[in-house]
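Have a look at the structure below before the remarks.
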Amino acid sequence: MQHTSSTQTIPTDSGIPRHVAIIMDGNGRWATNRFLPRVAGHAKGVEMVREVVEACALRGVEYLTLFAFSSENWRRPADEVSVLMRLFMTALEREVAKMHANGIRLKVVGDLARFDARLQQMIASAERRTANNTTLTVTICANYGGRWDIMQAIQKMTLAHPGETSFTEDQLERHLAMAYAPEPDLFIRTGGEERISNFLLWQLAYTELYFTDTFWPDFNASELDQAIASFGNRERRFGRTSAQLVESKKAS
Ligand code: IPE
Ligand code: IPE
Ligand code: MG
């Protein structure tokens, strides 16, 4: 399904975000604060994914997008990278059946070619199995970078239109890795940093940003509710004035 772009048409607004995108940050510091190895934070982080996925489904969120591994995370020590890959595989093994039973569609986006063949196969089979589910779409961004996404979209777009030199935003959007989802309404970053770290650069144009100091392993359903409550208090003007917004609400 093609979704409208926030820069081309003014989106309709409701109190519950249709699409929540999260940078799950702070696993390492959570563990270090407890004198545990960083991996313990990543393991606990996986548990919180389960809780937040369930909470989103219950609250009627339609798309949940989770940044699990960035294109820059390869810069980490090799042993931490390999632990993260193993955790990803075990989480897929353990969780996919349950997600499927709960009507969840799973997508994994990013430059997956760099992952080992078995992980790629597991991803493909999990996506196939859950493809027709409609309750909630959970997207895991793995070896994902916003710049990678824009570049691969440009490459696909130009290949699809040989000889053309002029393109619209709409044409580019169709080739972004998450073309199946609307732009995020609410962006959450846990762990205290206030930056985008090469997440969904194109799609965050009009997303409401929410930053919390809570480390990801402590981010539970009630923390999610606080973020959604904050979202509910925002005035999303999409370039208009406040008075225009009041008028348009009266009219509808
Ligand atoms: C987020 O937690 C998980 C990944 C990036 C894979 P971190 O591992 O970045 O935790 P901090 O930021 O070092 O605390
Ligand atoms: C962003 O967290 C990526 C993920 C959560 C997967 P990082 O911990 O890698 O971000 P920086 O390095 O602090 O910007
Ligand atoms: Mg971090």
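Because the structure is a prediction, the values reported are computed rather than measured. All ligand and atom numbering here is 1-based and tracks the order in the structure.
- Taking the six-membered ring where tryptophan is involved, the planes of F67 and Y144 are perpendicular, since the angle between them exceeds 60° and thus also 30°.
- Residue contacts with ligand 2: R75 is excluded, as none of its non-hydrogen atoms falls under 4.0 Å.
- Salt bridge present: E208 and R236 bring a charged side-chain N and a carboxylate O closer than 4.0 Å.
- Below the 2.8 Å limit, the Mg ion (ligand 3) has as protein N, O or S neighbours D25 OD1.
- With ligand atoms numbered from 1 in the order given, ligand 1 contributes 6 (C) to contacts under 4.0 Å with heavy atoms of A68.
- The shortest contact between atom 7 (P) of ligand 1 and any protein heavy atom is with D25 OD1, 3.5 Å.
- Using a cutoff of 4.0 Å between basic side-chain nitrogens and carboxylate oxygens, E193 and R29 are scored as salt-bridged.
- In this structure, R29 has no heavy atom closer than 4.0 Å to ligand 2.
- For the residues T32, N73, N27, L87, the heavy atom positioned nearest atom 2 (O) of ligand 1 is part of N27.
- The protein heavy atom nearest to atom 1 (C) of ligand 1 is M24 O, 3.0 Å.
- T158 and E164 are not linked by any side-chain donor-acceptor pair at a separation below 3.5 angstrom, with hydrogens and angles left out of the test.
- A salt bridge does not link E194 with R189: none of the charged nitrogens is closer than 4.0 Å to a carboxylate oxygen.
- Residue R147 places its CZ atom among 12 or fewer non-hydrogen atoms of other residues, nucleotides or ligands, all under 6.0 Å distant.
- Here the heavy atom of the protein found nearest to atom 12 (O) of ligand 2 is R195 NH2, 4.6 Å.
- Those atoms of ligand 2 with a heavy atom of I23 less than 4.0 angstrom away are 1 (C), 5 (C).
- At least one heavy atom of G26 sits less than 4.0 Å from an atom of ligand 1.
- Between S70 and ligand 2, a contact under 3.5 Å exists for no N or O pair.
- Of the N and O atoms on the side chains of E62 and T137, not one donor lies less than 3.5 Å from an acceptor on the other residue.
- Checking H42 against N27 by side-chain atom types alone, a donor-acceptor pair falls below 3.5 Å.
- No side-chain N or O of T90 forms a donor-acceptor pair with one of R94 less than 3.5 Å apart.
- In this structure, F69 and W74 have perpendicular ring planes: the angle between them is above 60°, well past the 30° mark.
- Which parts of ligand 2 touch F69 is read off a 4.0 Å heavy-atom cut-off, strictly below it: atoms 6 (C).
- The presence of a protein heavy atom under 4.0 Å from atom 14 (O) of ligand 2 is confirmed.
- The protein heavy atom nearest to atom 10 (O) of ligand 2 is R189 NH2, 3.2 Å.
- By the 30° and 60° cut-offs, the orientation of the rings of Y63 relative to Y180 is tilted.
- Salt bridge status for K250 with E247: present, with a side-chain N to carboxylate O gap under 4.0 Å.
- Checked for salt-bridge contact, D218 and K44 miss the test: no charged N lies under 4.0 Å from a carboxylate O.
- Salt bridge absent: R59 and E54 never bring a charged side-chain N and a carboxylate O closer than 4.0 Å.
- Near H42, the atoms of ligand 1 lying under 4.0 angstrom from a non-hydrogen atom of the residue are 3 (C), 8 (O).
- Nearest protein heavy-atom contact of atom 8 (O) of ligand 1 is R76 NH1, 2.7 Å.
- Heavy atoms of F199 found under 4.0 angstrom from ligand 2: none, in either backbone or side chain.
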